[in-house]
Amino acid sequence: MFQVQDQSLRPLTTAHLAQTMSLLVLSNQELHDKVIAELASNPALELIDERICPECRRRIHGPGRCPVCSRTAVQDEPIVFLSPRDSYRPTRRNSSDDFPYSQEPAAPEDRTTFVLRQLAADLLPEDRELAVYILSSLDEDGFLADPPAFIAQATRSSMTQVKRVLELISNAEPVGLATEGPRQALVVQLHTFPQDDPRVQVACRMIQEQFSELGRGEYDKIARALNVKSRLVHEATEFIQENLNPYPGRAYWGSGREPGTGDPNVYHRPDVVISSNPIEAEGPLVVEIFSAISGWLRVNPLFDKAVKEADEDQSDELNEHLEKANLFVKCIQQRNNTMRLLMEMLVTKQRQYILEGARHLTPMTRAEIADHIGVHESTVSRAVSNKSVALPDGRIIPLAKFFDRSLSVRDRIKEIVREEREPLTDDAIASQLKRDGIRIARRTVAKYRSIEGILPARLRAKKKLSTAA
DNA sequence: CTATGGCACGGATT
DNA sequence: AATCCGTGCCATAG
């Protein structure tokens, strides 16, 4: 009894650490499940539905207005939701449990307003109601639950009006929303890419003519049916997997899988979303770290009180619950804090990459980051693993990609090949790179080439001028 | 003979 | 301690 009490009274730092670590590796989805499970099994934990006033950061119960400054409370409640200043210099240490909150939620749940906001400029006033109707009637994958004709009838609108609105919606972020199904969504998304890219052309035909074969991975059959090289079919498939998302409304699809193992059914929502500031393009990036739960997780104060009043014989058990809950909440906070620090660092160091693409990835190691934010490198390692992040351009990449030392070089190679007049050998590419100050061995060029799915010089056809730019 | 891909080694990273 | 990455060497295909 006494021992138990001793143990539970003091939240052991080792236990604390251990649990924080185990929570850190989890993706949001996994953490969500974990929290739900914990809530169910531990009566001392409580999830409360509080909002934060954007102005004075007071907590407000339920929807409504802040009693102090009478501003409307934010609707969505990611626990951590922040927009670090770009000038942020990463030497600062933890600022306790003080999380910054922002007031511009763009959570997936709020799809309707999210899309409407984008449409504001293009939407005719008389179409607005129709747009709202369509957006709110979408099924959970973001597809049309009813055919356009039905919508027209239900809203007493004309077909042309419905089509006009649908077109607008499907071209807004997330592109492909409000289409009839995965296939149509893919087609719409494909239109946003340069049409002269051969991969795009083939991908387009694959989706339109050979969709079920594509789903089954029957690449050879597709190649024959379309009368194109199977190599091209593979490249197109890869392109689809990396750039398109068949379920735009639900989540993005993980592009982190290796080519080949990419199961077209792996989709997930990102753990972090980075978007560029719509107001001032040069301003700070907006970073949202999604919370695993909506609302606030805390130790139930009633339970706390109950424990103190409880009989001696029961209090052991109750205390245990209490301490566990306490620990859990602390660990969650710790996790959030670490994620925040990490993302602030990342956004600051890799701004160029985030905004301008693969070539500008600054090489860095996890150890470096760990040093800067003052945690152990294994902590960073855990925090990075299993997470994905959405970039402003909509691409979803694994967080680990920020640490890919060869990414920028591979991108250069891709560019060199894309712009070559006639097939360059690996050696030629290597020396070309050397001119740009990148010193790598010929053998390595070959390796990168294969990673990028670029054929050897011999097999590369002569480039036509049309492929340029 | 030249361009590539395979295997394997050493050093860095995790 | 386990893993990943860049490279050198060598066999092979063209």
Side-chain angles (χ1 to χ4, degrees), chain A residues 17-18 20-27 30 90 229-232 234-235 238 254-262 271-272 334-335 338-339 341-343 345-346 349-350 353 358-359 361-389 397-463:
Chain A
L17 269 174
T20 309
M21 287 307 165
S22 70
L23 290 181
L24 204 53
V25 279
L26 301 178
S27 71
E30 291 161 338
K229 295 212 183 79
S230 85
R231 181 80 215 178
L232 200 47
H234 279 102
E235 284 180 33
E238 214 171 281
S255 62
R257 301 288 151 259
E258 291 307 306
T261 47
D271 301 289
V272 179
Q334 186 72 50
R335 177 189 190 271
T338 308
M339 287 301 291
L341 287 171
L342 173 67
M343 289 314 298
M345 221 17 231
L346 239 45
K349 288 206 101 168
Q350 303 289 16
Y353 166 64
R359 205 160 323 144
L361 183 71
T362 319
M364 58 180 187
T365 69
R366 292 157 171 80
E368 238 173 276
I369 301 292
D371 195 39
H372 278 291
I373 63 180
V375 296
H376 195 273
E377 44 188 70
S378 74
T379 309
V380 176
S381 206
R382 286 175 222 265
V384 164
S385 68
N386 255 315
K387 313 280 190 312
S388 59
V389 43
I397 59 167
L399 205 47
K401 209 159 186 163
F402 280 91
F403 297 92
D404 190 329
R405 278 166 298 158
S406 60
L407 193 68
S408 65
V409 183
R410 295 209 305 270
D411 193 65
R412 295 287 349 240
I413 293 179
K414 271 202 280 189
E415 185 185 276
I416 291 173
V417 171
R418 204 180 319 129
E419 289 175 359
E420 74 191 359
R421 270 305 182 98
E422 53 192 30
L424 295 172
T425 68
D426 291 348
D427 249 328
I429 295 175
S431 49
Q432 168 102 47
L433 284 170
K434 187 176 278 177
R435 247 166 279 147
D436 295 352
I438 304 170
R439 252 195 76 257
I440 56 169
R442 171 243 111 212
R443 186 66 190 78
T444 310
V445 174
K447 211 133 224 176
Y448 289 165
R449 235 192 38 249
S450 69
I451 291 176
E452 296 297 339
I454 300 171
L455 288 169
R458 267 178 191 292
L459 302 177
R460 284 202 305 268
K462 285 206 177 160
K463 296 277 164 180

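Numbered from 1 within each chain, the chains take letters A, B, ... in sequence-line order.
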Not counting sequence neighbours, which residues clear side-chain contact (heavy atoms from CB on, under 4.5 Å) with A:Ala400? List them please.
-> A:Arg366, A:Val384

What N/O pairs connect the protein and nucleotides 1-4 of chain B at under 3.5 Å? Give each pair on its own line.
residue	atom	partner	partner atom	Å
B:dT4	OP1	A:Ala457	N	2.9
B:dT4	OP2	A:Asp426	N	3.0

Sequence neighbours left out, what pairs pass ring-ring contact (aromatic ring centres under 6.0 Å, His included) with at least one residue falling in residues 412-441 of chain A?
-> none

Closest approach of A:Ala367 and A:Glu377, non-hydrogen atoms and distance?
-> CB-OE1, 3.7 Å

Non-neighbouring partners of A:Lys447 that pass salt bridge (Lys or Arg N to Asp or Glu O under 4.0 Å), sequence neighbours left out | none

What residues form a side-chain contact (heavy atoms from CB on, under 4.5 Å) with A:Glu415, not counting sequence neighbours?
-> A:Arg359, A:Arg412, A:Arg418, A:Glu419

Give every residue pair that meets the ring-ring contact (aromatic ring centres under 6.0 Å, His included) criterion with at least one member in residues 403-445 of chain A, sequence neighbours excluded.
-> none

Who passes side-chain contact (heavy atoms from CB on, under 4.5 Å) against A:Asp427, sequence neighbours left out?
-> A:Thr425, A:Arg442

After noting the C-alpha distance and the side-chain angles of A:Val25 and A:Glu30, does the key distance pass the side-chain contact (heavy atoms from CB on, under 4.5 Å) rule?
-> CA-CA 9 Å; A:Val25 279; A:Glu30 291 161 338; over 6 Å; no

What is the per-nucleotide protein-contact pattern of nucleotides 9-14 of chain B, from the 5' end, where B denotes a base atom under 4.0 Å from a protein heavy atom, S denotes such proximity for sugar-phosphate atoms only, and - denotes neither?
-> ----SB

Name all residues meeting the salt bridge (Lys or Arg N to Asp or Glu O under 4.0 Å) criterion together with A:Asp371; count only those two or more places apart in sequence or in a different chain, and write none if there are none.
-> none

For A:Leu455, all residues meeting side-chain contact (heavy atoms from CB on, under 4.5 Å), sequence neighbours excluded = A:Arg231, A:Leu459, A:Arg460

Please list, in 5' to 3' order, the outermost nucleotides of DNA chain C lying under 4.0 Å from any heavy atom of chain A.
-> C:dC5 to C:dG14

Could you list by number each residue of residues 429-438 of chain A showing a heavy-atom separation from DNA chain B of less than 4.0 Å, or answer none if no residue does?
-> none

